[in-house]
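One structure is given below, encoded as structure tokens.
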Protein chains: 2
Amino acid sequence: MRSPSKPNAPKQGAAATPAQVTTVEHTLDTSYLESLLGYNARRAALSVIALFLKRMAPFGLKPVEFSVLTLIAHNPGITSRQTCSALDILPPNLVGIIKSLDQRGLIIRKAHPTDGRAQGLHLSAQGRRLQNEAQMTATALEGDAAHALTPAELDKLKALLRKVYQN
Amino acid sequence: MRSPSKPNAPKQGAAATPAQVTTVEHTLDTSYLESLLGYNARRAALSVIALFLKRMAPFGLKPVEFSVLTLIAHNPGITSRQTCSALDILPPNLVGIIKSLDQRGLIIRKAHPTDGRAQGLHLSAQGRRLQNEAQMTATALEGDAAHALTPAELDKLKALLRKVYQN
DNA sequence: TATTGTTATACTCTATAACTATA
DNA sequence: TATAGTTATAGAGTATAACAATA
């Protein structure tokens with residue numbers, strides 16, 4: 001997470017000391033790194049995810065688990081393989097997640113109607129309830145994670161981000 | 001990485017099949033996830049970083065190593081502790097990075113002028129050359145990572161991202 | 001022959017506790 | 001007493017190879 005411990009950011013009231021700054025003043029030059037898309041995207045993502053983790057803790061859901069649950073909710077009968085493609089997860093790494101959600105009684109694995117190898121994923125009644133509450137929490141979190149942005153700016157930001165990673 | 005294997009994205013030419021889609025058509029509904037800031041920020045960050053990793057491989061630099069090297073280049077004499085704060089890295093995790101850069105002859109650790117516990121970090125001549133080339137590569141990468149965006153959109157995106165994680 | 005779900009496994013990243021030497 | 005750098009270590013996340021069952 002590493003959130004509540006960042007006493008950085010150039011204090012505005014810092015009376016411009018001439019040249020030699022021998023004191024413990026954190027007047028570091030990070031301007032170049034802050035000009036890079038990857039650096040900014042990663043820092044922003046970690047910041048939002050830190051808040052996500054805190055708010056989702058009561059539901060026992062980490063980001064990927066929420067994504068999987070939400071994907072199943074909106075696509076009943078989806079297979080593991082499709083879930084992997086959609087979320088860019090490797091199949092071996094999804095196995096444990098699915099197993100965990102299954103053991104918690106949140107999802108149900110049914111035999112696939114046409115493909116004997118695959119299995120369709122569905123939410124249980126309990127899973128539907130939890131996903132519904134979690135989704136409302138995630139939606140409410142949006143404004144808080146980007147409290148420095150106007151709603152229009154937030155929409156613009158998300159649209160630009162999608163243009164970066166889609167195709 | 002997980003880049004060269006994403007045959008997702010709703011194909012435009014897909015003739016709208018009525019209702020029952022039993023074929024292996026990946027018409028998954030990911031619209032809700034794509035409405036979330038955290039999801040979009042993470043996907044975009046991973047996409048940019050994947051390209052970064054590829055382009056920086058010739059220099060033997062991973063994102064964090066590049067960040068550390070660049071921070072030292074622009075702030076000669078910076079301490080490990082300051083580096084940790086600026087990049088949101090935990091001290092134990094920086095030790096190995098510094099040690100590696102030192103053993104590669106890219107940085108030099110000098111005794112801190114006033115604090116006997118600390119040590120100032122500096123680039124060697126070789127480190128300066130490598131950082132310079134890597135920085136030019138990173139700058140050139142910007143446009144390619146966000147080829148779907150105009151230069152103005154890219155600037156706007158980075159400004160919005162900074163507003164999310166700063167303060 | 002190719003694909004789905006799976007196991008086993010390795011490698012990286014991130015996090016906590018505790019030590020030493022200096023302040 | 002607090003801080004800088006460090007060690008050791010645990011836990012999460014991410015990656016590859018290989019297998020059985022089915023297509």
Side-chain angles (χ1 to χ4, degrees), chain A residues 1-5 7 22-24 26 42-43 45-47 49-50 52-53 56-57 60-68 77-103 107 109-121, chain B residues 1-5 7 22-24 26 42-43 45-47 49-50 53 57 60-68 77-103 107 109-121:
Chain A
M1 263 115 288
R2 322 265 19 268
S3 253
S5 57
T22 44
T23 8
V24 199
H26 305 188
R42 186 177 135 81
R43 294 295 296 260
L46 290 176
S47 162
I49 290 170
F52 188 98
L53 285 168
M56 287 295 177
L61 292 178
K62 279 171 289 182
V64 197
E65 294 167 332
F66 171 76
S67 294
V68 171
I78 189 177
T79 68
S80 281
R81 222 65 190 203
Q82 287 177 304
T83 305
C84 284
S85 297
L87 298 179
D88 209 8
I89 298 173
L90 291 170
N93 298 332
L94 184 63
V95 173
I97 298 169
I98 294 291
K99 189 182 297 178
S100 164
L101 294 174
D102 191 2
Q103 287 171 348
I107 66 173
R109 298 189 243 194
K110 298 183 183 172
H112 190 95
T114 62
D115 192 333
R117 299 166 301 180
Q119 47 192 343
L121 303 174
Chain B
M1 257 119 288
R2 322 264 23 263
S3 252
S5 57
T22 44
T23 8
V24 198
H26 306 190
R42 187 176 134 83
R43 295 295 297 259
L46 290 176
S47 161
I49 290 171
L53 285 168
L61 292 177
K62 279 172 289 185
V64 198
E65 295 167 329
F66 171 76
S67 294
V68 171
I78 189 177
T79 67
S80 281
R81 221 64 190 203
Q82 287 177 306
T83 305
C84 284
S85 296
L87 299 179
D88 210 8
I89 299 173
L90 292 170
N93 298 331
L94 184 63
V95 173
I97 298 169
I98 294 292
K99 189 181 297 178
S100 164
L101 295 175
D102 191 3
Q103 288 172 347
I107 66 173
R109 297 190 243 196
K110 298 182 183 173
H112 189 96
T114 62
D115 193 332
R117 299 167 302 181
Q119 47 192 342
L121 303 174

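Note: hydrogens, waters and symmetry copies are ignored here, and every other heavy atom, side chains too, is used. Note on naming: letters A, B, ... go to the chains in the order of the sequence lines (proteins, then strands), and numbering restarts at 1 for each one.
Below the 3.5 angstrom threshold, one finds no donor paired with an acceptor across the side chain of B:Asp115 and the base of D:dA4. Applying the 3.5 Å distance criterion, the base of C:dT3 shares a donor-acceptor pair with the side chain of A:Arg117.
Across A:Lys62 and A:Phe52, no two heavy atoms sit closer than the pair C-CE2, 4.3 Å. When all heavy atoms are compared, the tightest approach of B:Val64 to B:Ile89 is CG1-CD1, 3.4 Å. Here the shortest heavy-atom pairing between B:Asp102 and B:Ile107 reads OD1-O, 3.4 Å.
Set against C:dT6, D:dT7, C:dG5, the side chain of A:Ala118 has C:dG5 as its closest nucleotide. Checking D:dA4, D:dT14, C:dG5 against every side-chain atom of B:Arg42, the shortest atom distance belongs to D:dT14. Which of D:dG5, C:dA15, D:dT16 sits closest to the side chain of B:Leu90 comes down to C:dA15.
Using a 4.0 Å cut-off, no side-chain N or O of A:Arg81 falls inside it from OP1 or OP2 of C:dA2.
Regarding B:Ile107, its CD1 atom lies at a distance of 12 Å from the P atom of D:dG5, rounded to whole Å. Rounded to a whole Å, the CD1 atom of B:Ile89 is 14 Å from the P atom of D:dT6. Following rounding to the nearest Å, B:Gln82 (CD) and D:dT3 (P) show an atom-to-atom distance of 15 Å. Distance, B:Arg43 CZ to D:dT14 C1': 15 Å, rounded to whole Å. Here D:dA15 presents its C1' atom at 14 Å from NZ of B:Lys62, a figure rounded to the nearest Å. If you measure from atom CG of B:Asp102 to atom C1' of D:dG5, you get 14 Å, rounded to the nearest angstrom. B:Asn93 places its CG atom 15 Å from the P atom of D:dA8, with the value rounded to the nearest Å. In this structure, B:Leu46 atom CG and D:dA15 atom P are separated by 9 Å, rounded to whole Å.
Note that NE2 of A:His112 is 11.0 Å distant from CG of A:Leu121, once rounded to the nearest 0.5 Å.
The closest side-chain heavy-atom distance from B:Leu90 to B:Cys84 is not below 4.5 Å.
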